[in-house]
Amino acid sequence: MISTRSKYSQQLEKIDELLGSFAEKTAGDIRALTTALTGDAEVAETVLDGDQEARRLRSAIEGNCTDALLLQQPVAGDLRFVTGTFRLVSDLAHIDSKARDVAELAQTLPVEVTANLSEHLAFAAERVASMVEEAIEAFRTSDADRARGVFAMDDDVDDVYLAAEGVVIDLIKAGETRAKYLPELLMVAKYFERMGDDAVRIADWVIFRVTGARERAAVKPEE
């Protein structure tokens, strides 16, 4: 017969596994946006269709966490892992939702317009996807230094948004014939910046879990 502790350990392992799967899915969706923004409608649709899987993963993670809290009453490190996962899965869901928002914009933006920011957006997508992966792995391994590396990557994403603003302003000044699409183009860059902020919050929570102190407390979650 499997002991209560063994069942509990298996449950914690399952939460950790599901959290890794959710992070992998989210990072994959973000990287897919690079292709979607080149006019690949099939890829954009695939990202949009990922909503059901995201909901399934979030529900499974939160359900397992609730069971662990109510049935096993974890203490010390286990308690911090379970309660921290509740917070992290919310931020992951926000990131994955924003990826679908970008996919929707990709379906409406002409390729000729997105081409103006193709290199910037491809860089941002890869950076944000890496931030998600690193932040979640930092949480799973309680690695504060790895989490701090996410902060540095966020600076790159912020720079991309500033560069995108400059490109859009130049296009407006030059009399871009498809100017009506430029606000949406800039919004795509803004979504990447916001996804980066969500990843920073995850990393900041990792550091708090390890050290007991916040380093990026000014980064507030969205309503």
Side-chain angles (χ1 to χ4, degrees), residues 16-38 40 43-44 46-48 50-51 53-54 57-58 61 84-85 87-103 105-106 114 117-165 186-211 214-216 218-219 221-222:
D16 183 72
E17 178 186 336
L18 287 167
L19 189 59
S21 296
F22 200 178
E24 182 179 355
K25 177 214 181 300
T26 302
D29 285 345
I30 295 167
R31 289 192 172 99
L33 295 175
T34 300
T35 303
L37 288 164
T38 64
D40 193 320
V43 171
T46 297
V47 175
L48 291 170
D51 180 58
E53 176 64 6
L57 286 167
R58 180 174 184 175
I61 293 169
T85 298
R87 174 64 182 271
L88 266 61
V89 76
S90 176
D91 284 324
L92 268 179
H94 286 152
I95 295 170
D96 200 66
S97 178
K98 290 181 180 72
R100 285 189 290 280
D101 289 335
V102 173
L105 287 170
T114 57
L117 290 180
S118 59
E119 291 185 10
H120 292 298
L121 298 179
F123 179 81
E126 179 56 38
R127 254 308 184 255
V128 172
S130 295
M131 288 172 70
V132 169
E133 292 169 336
E134 286 295 295
I136 294 301
E137 282 306 303
F139 178 76
R140 296 173 74 188
T141 58
S142 299
D143 190 334
D145 288 335
R146 192 168 188 172
R148 291 187 183 97
V150 175
F151 297 163
M153 287 190 280
D154 188 50
D155 292 337
D156 292 336
V157 179
D158 290 342
D159 288 343
V160 166
Y161 178 70
L162 292 175
E165 276 189 327
L186 189 58
M187 181 56 69
V188 169
K190 188 65 176 177
Y191 270 121
F192 282 117
E193 183 190 41
R194 289 174 176 171
M195 285 187 272
D197 288 343
D198 288 330
V200 164
R201 278 194 296 277
I202 294 174
D204 196 35
W205 177 255
V206 174
I207 292 172
F208 178 78
R209 175 189 172 194
V210 175
T211 69
R214 301 284 297 276
E215 294 187 5
R216 288 291 182 95
V219 181
E222 295 180 7

Taking all non-hydrogen atoms of both residues into account, name the closest pair between [X] and [Y] and its distance.
| X | Y | value |
| --- | --- | --- |
| A147 | A138 | N-CB, 3.7 Å |
| A164 | A189 | CB-CB, 3.7 Å |
| I202 | A135 | CG2-CB, 3.6 Å |
| G20 | R140 | CA-NH1, 3.4 Å |

Do [X] and [Y] touch side chain to side chain, with heavy atoms closer than 4.5 Å?
| X | Y | value |
| --- | --- | --- |
| M195 | V102 | yes |
| E126 | T34 | no |
| I95 | V132 | yes |
| Y161 | L186 | yes |
| V200 | M131 | yes |
| F22 | L88 | no |
| V128 | F123 | no |

Kindly compute the distance separating [atom1] ([X]) from [atom2] ([Y]), expressed to the nearest 0.5 Å.
| X | Y | atom1 | atom2 | answer |
| --- | --- | --- | --- | --- |
| R148 | R146 | CZ | CZ | 14.5 Å |
| T114 | H120 | OG1 | NE2 | 13.0 Å |
| F192 | L33 | CZ | CG | 5.0 Å |
| Y191 | K98 | OH | NZ | 8.5 Å |
| T46 | D29 | OG1 | CG | 9.5 Å |
| T85 | D16 | OG1 | CG | 8.0 Å |

Does D197 come within less than 4.0 Å of R194, counting only side-chain N to carboxylate O?
no
Is any NZ, NE, NH1 or NH2 atom of the basic residue among E53 and K25 found under 4.0 Å from an Asp or Glu carboxylate oxygen of the other?
no
Side-chain donor/acceptor of [X] to backbone N/O of [Y], under 3.5 Å:
| X | Y | answer |
| --- | --- | --- |
| T38 | T35 | yes |
| R209 | F139 | yes |
| S21 | E17 | yes |
| S142 | V210 | no |

Answer yes or no: does atom CD of E137 have more than 12 heavy-atom neighbours from other residues, nucleotides or ligands under 6.0 Å?
yes
I would like to know whether K190 and E165 meet salt bridge (charged side-chain N to carboxylate O under 4.0 Å, His left out); could you show each step before the answer?
CA-CA 9 Å; K190 188 65 176 177; E165 276 189 327; over 6 Å; no
So which pairs with a foot in residues 151-161 pass salt bridge (Lys or Arg N to Asp or Glu O under 4.0 Å), sequence neighbours left out?
R127-D156
